[in-house]
Chemist: 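Before I ask anything, here is the structure I am working with.
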Amino acid sequence: MAAHRKSTQSLLGGQAVRTAATLALASAATATLFEGSGHADPRPTAAQVRAQVDRLYEEAGAATERYNGAKEKADEARAAFDRLRDEAARRTQRLNDARDALGAAAAAQYRSGGLDPALRLVLTSDPDQYLARAAFAEKAGDRQAAAIRTVRRELGAIGQLRGESAERLTALRGHEAELRRQKAAVLGKLESARTLLARLTAEERARYEAATAARNASGPSDRTAGANPPGTSAPARADRSSGGARGPVSAPNSRAAQAISFARAQLGKPYVWGATGPSGYDCSGLTQAAWRAAGVSLPRTTYTQINAGKRVSRSQLTPGDLVFFYSGISHVGLYIGGGQMIHAPRPGAPIRIAPIDEMPFAGATRVS
C-alpha cells in the first residue's frame, strides 16, 4: 500500500513538474513576444544616423593614423632587415673568398711536399735562390695568417648579423601584425558607416548629403546659419572643394607659399585612407606631401607631425601652419588664412577648403 502511494505521488509529482514547466515556458514566450513588440528599438532618425556616421568617420580617421604609424614602423623594420641581410651576403662572399685563398695555399703546400726548410737548404744547388724563396714563403705565411684572421673575423661578424637579423625579423612581423589589426579597424569603421547610410531612405540620404555639403562649404561667419533646408542645394561657395578658390597665395615665406600652392593643386582629389598621393591622400598624407613639395620632410602621422615644428596658439596662426583636431590628434589640415584650411576630410569627401572651426581644435604647429 505504501509502495502504491509512493508510486502515485511520484507520478503526480512528475506531471505537475512538466505542467509547471510548460506553463512557465509559455508565459516566458508570451512575455518576450509582448516585450519585443512593445519595446522595439525605434528606427534612428537622419540626424541620429549623421551623428553616428560622423563618429565612425572620426574613429576611422584615428585608426587610419594608427595604421600609418604601424606602416611607417613596418617599413623601417623591413628596410633595416634588408640592410642586414645584404651586409650578411657581402660578408659571406668575403668569407668564401678568404676560404678559397686558404684552400689554394694549402694545396700548393701539399704539392711542394711539405719538406722541412732546413732540409731544403741542404739539398738545394743554389742557396741564394733558396733564401730568396724562403723569404717569399715567410711573407706568404704572413699573408696566410692574415687570411685566417680574416676568416675568423668574418665568421664572428656574420654570426652577429644573423642574430640582429633575427631580432629585426621578429620586430617586422610584430609591426606587420599591428598593421593588419589597424587595417581591419579602419575597414570595420568604414563598413559600419556605409551600413548606417544604407538604412536611410532616398529622401533622407539627400537631406544628409545636403547638410554635409552645407557644413563643409560654410565659412566661420555662417557656420551658425544652419544646414540647407531639405531639398535645397549647397551654397555657391561649395565650389571651393573642387578648386574654385585659386587666388594668389598669401604666406609669410616662400616655403609656406609652396606648400599651400601644392595643396591647392590637389583640391577635388579623393580622400584615400593610408594614401600619400599623387591620385589621392589621407589627411596627414596631404600635409606631408605639401611640405615635401616645399623641401621640408615631415613625419607620416598626425601625432608625430604636431611635434615637427614650433607650437603656436590659434590666435597666432599664419598661412602654412598645420592645424590639428580632436583630442586624439587624429586629423590635420593646412591653414591658408582667414580661418580656412585645406584638408582631406574623410572617405567620400574630396580634398577641399573648409573652416577650421568645423571640428574640435586641438593645436597647431609652425613648420618653417
Chemist: Could you see if Leu322 belongs to whatever hydrophobic cluster contains Val296? Use Ile, Leu, Val, Met, Phe, Trp, Tyr and a side-chain cutoff under 4.5 Å.
Modeler: yes
Chemist: Can you check whether His343 reaches Tyr271 side chain to side chain, under 4.5 Å on heavy atoms?
Modeler: no
Chemist: State, to 0.1 Å, how close Ser284 and Asn68 come at their nearest heavy-atom pair, and which atoms those are.
Modeler: OG-ND2, 3.6 Å
Chemist: Which heavy atom of Gln266 sits nearest to which heavy atom of Tyr281, and what is that distance?
Modeler: OE1-OH, 3.2 Å
Chemist: List for me each residue that meets salt bridge (charged side-chain N to carboxylate O under 4.0 Å, His left out) alongside Arg292, sequence neighbours excluded, and say none if there are none.
Modeler: none
Chemist: Can you tell me if Gln305 and Thr287 form a side-chain donor-acceptor pair at under 3.5 Å?
Modeler: yes
Chemist: Run the salt bridge (charged side-chain N to carboxylate O under 4.0 Å, His left out) test on Asp75 and Arg78 for me, step by step, so that the C-alpha distance in whole Å, both residues' side-chain angles and the decisive distance to 0.1 Å come before the verdict.
Modeler: CA-CA 5 Å; Asp75 289 344; Arg78 185 177 295 107; 3.3 Å; yes
Chemist: Would you check if Leu286 and Leu334 make a side-chain contact, meaning some heavy-atom pair closer than 4.5 Å?
Modeler: no
Chemist: Do you know which two heavy atoms are closest between Ile342 and Ile351, and how far apart they sit?
Modeler: CG2-CG2, 3.9 Å
Chemist: Test your reading of the model: is there a side-chain donor-acceptor pair from Glu65 to the backbone of Gly61, 3.5 Å cut-off?
Modeler: no
Chemist: Please give the remaining members of the hydrophobic cluster of Phe81, linking ILVMFWY side chains under 4.5 Å, ordered by chain and number.
Modeler: Leu169, Leu172
Chemist: First locate atom CZ of Phe324, then atom OG1 of Thr365, and finally report the distance between them rounded to the nearest 0.5 Å.
Modeler: 4.5 Å
Chemist: Output yes when Asp282 and Arg300 qualify as a salt bridge under the 4.0 Å nitrogen-oxygen rule, no when they do not.
Modeler: yes
Chemist: With sequence neighbours left out, write down each residue that passes side-chain hydrogen bond (donor to acceptor under 3.5 Å, both in side chains) with Lys73, or none if nothing qualifies.
Modeler: none
Chemist: Quick check on side chain to side chain donor-acceptor pair (under 3.5 Å): which of His175, Arg180, Arg181 does Glu178 satisfy it with?
Modeler: Arg181
Chemist: For Glu58, enumerate each residue passing the side-chain hydrogen bond (donor to acceptor under 3.5 Å, both in side chains) test, keeping only those at least two apart in sequence or located in another chain.
Modeler: none
Chemist: Is any side-chain heavy atom of Leu187 closer than 4.5 Å to a side-chain heavy atom of Lys183?
Modeler: yes
Chemist: Please enumerate all residues that pass salt bridge (charged side-chain N to carboxylate O under 4.0 Å, His left out) together with Asp82, with sequence neighbours excluded.
Modeler: Arg85
Chemist: Among Thr301, Ile306, Thr302, which residue meets the side-chain contact (heavy atoms from CB on, under 4.5 Å) test with Val332?
Modeler: Thr302
Chemist: Could you list the residues that satisfy salt bridge (charged side-chain N to carboxylate O under 4.0 Å, His left out) with Arg314, not counting sequence neighbours?
Modeler: none
Chemist: How far does OG1 of Thr318 sit from CG of Asn253, to the nearest 0.5 angstrom?
Modeler: 8.0 Å
Chemist: Could you tell me whether Arg173 and Glu176 have a side-chain N and a carboxylate O separated by less than 4.0 Å?
Modeler: no
Chemist: Looking only at heavy atoms, which two atoms of Ala275 and Gly280 are closest? And how far apart?
Modeler: CB-O, 3.4 Å
Chemist: Working to the nearest 0.5 angstrom, can you tell me the gap between Leu56 CG and Lys189 NZ?
Modeler: 6.0 Å
Chemist: Determine whether a donor-acceptor pair (N or O, by modelled atom type, separation under 3.5 Å) exists between the side chain of Lys269 and the backbone of Pro278.
Modeler: yes
Chemist: Taking side chain as C-beta onward, heavy atoms only, is Tyr57 less than 4.5 Å from Leu190?
Modeler: yes
Chemist: Relative to the ring of Phe325, is the ring of His331 parallel (under 30°), tilted (30 to 60°) or perpendicular (over 60°)?
Modeler: tilted
Chemist: Would you check if Thr170 and Glu167 make a side-chain contact, meaning some heavy-atom pair closer than 4.5 Å?
Modeler: no
Chemist: Give the minimum heavy-atom separation between Ala256 and Gly320, together with the two atoms involved.
Modeler: CB-CA, 4.1 Å
Chemist: Any heavy-atom pair between the side chains of Tyr67 and Lys71 that's under 4.5 Å?
Modeler: yes
Chemist: If every non-hydrogen atom of Thr304 is compared with every non-hydrogen atom of Pro299, which pair is closest and at what distance?
Modeler: OG1-CB, 3.3 Å
Chemist: Determine whether Tyr335 and Tyr326 fall in the same hydrophobic cluster, where Ile, Leu, Val, Met, Phe, Trp and Tyr are linked whenever their side-chain heavy atoms lie under 4.5 Å apart.
Modeler: yes
Chemist: Could you check whether any side-chain N or O of Ser261 sits under 3.5 Å from a backbone N or O of Ala257, counting only pairs where one atom can act as donor and the other as acceptor?
Modeler: no
Chemist: Output the distance between atom CG (Asn307) and atom CG (Leu298), rounded to the nearest 0.5 Å.
Modeler: 12.0 Å
Chemist: Starting at CE of Met341, measure out to CG of Asp357 and round the result to the nearest 0.5 Å.
Modeler: 9.0 Å
Chemist: Will you find, in the side chains of Gln52 and Gln48, an N or O donor that is under 3.5 Å from an N or O acceptor?
Modeler: no
Chemist: Is any side-chain heavy atom of Arg194 closer than 4.5 Å to a side-chain heavy atom of Leu197?
Modeler: no
